[in-house]
Amino acid sequence: TGQTKDRPRLSWTTEPGALYTSILSAEALEALAGEGNDCVHRVVTNIPGNNIQDGNEMFQFIQPWVAQSDGDKHPYLALVFKQKGKVRYL
């Protein structure tokens with residue numbers, strides 16, 4: 001968990017002018033299979049290229065915590081989606 005004390009840095013291949021959404025989730029693989037309780041640690045939309053700091057942080061970064069003593073390992077899944085256009089807010 002000490003490795004994700006701060007907002008993690010991600011990088012991916014981008015297309016010119018494209019916007020992306022990034023989601024950082026804990027135990028996501030189990031949750032996607034319907035077997036666990038997922039915790040979303042961060043959601044950022046409207047990311048130009050892979051410049052996360054220039055996107056819109058929808059869910060502020062939540063530092064990880066370990067409910068059970070399982071050593072220092074705390075699995076995460078980082079998802080990045082190319083957006084069709086800019087995400088607008090109400």
Side-chain angles (χ1 to χ4, degrees):
T1 58
Q3 294 177 342
T4 53
K5 183 182 80 162
D6 299 313
R7 289 170 171 82
R9 286 178 246 146
L10 302 173
S11 181
W12 57 88
T13 303
T14 65
E15 294 179 13
L19 296 172
Y20 298 87
T21 293
S22 170
I23 300 171
L24 181 64
S25 181
E27 302 177 23
L29 295 176
E30 290 178 10
L32 290 174
E35 299 173 3
N37 294 321
D38 195 17
C39 177
V40 175
H41 283 269
R42 188 179 191 201
V43 175
V44 183
T45 62
N46 299 325
I47 303 168
N50 58 15
N51 299 313
I52 295 177
Q53 69 278 1
D54 294 333
N56 299 112
E57 192 169 52
M58 302 301 295
F59 293 18
Q60 283 189 332
F61 178 66
I62 300 171
Q63 291 183 350
W65 66 93
V66 179
Q68 299 174 352
S69 178
D70 58 357
D72 291 333
K73 295 185 180 184
H74 193 71
Y76 288 91
L77 179 63
L79 302 169
V80 176
F81 300 95
K82 181 180 168 191
Q83 298 174 193
K84 289 184 178 181
K86 188 169 185 172
V87 174
R88 308 246 183 244
Y89 312 100
L90 297 176

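- Checked by atom type and distance alone, the side chain of Asn50 pairs as donor or acceptor with a backbone atom of Trp12 at under 3.5 Å.
- Hydrophobic clustering (side-chain heavy atoms under 4.5 Å, transitive across Ile, Leu, Val, Met, Phe, Trp, Tyr) groups Leu10 together with Val44.
- Considering all non-hydrogen atoms of both residues, Tyr20 and Thr14 come closest at OH-CA, 3.3 Å.
- Residues Pro48 and Leu19 meet the side-chain proximity criterion, which asks for heavy atoms closer than 4.5 Å.
- The OG1 atom of Thr13 sits 12.5 Å away from atom NZ of Lys82, with the distance rounded to the nearest 0.5 Å.
- Leu79 contributes atom CG, which lies 5.5 Å from atom CD1 of Ile23 (distance to the nearest 0.5 angstrom).
- Nearest heavy-atom pair, Val87 versus Asn46, reported as atom, atom and distance to 0.1 Å: N-OD1, 2.7 Å.
- Distance check, rounded to the nearest 0.5 Å: CD1 of Ile52 to CD of Glu57 gives 9.5 Å.
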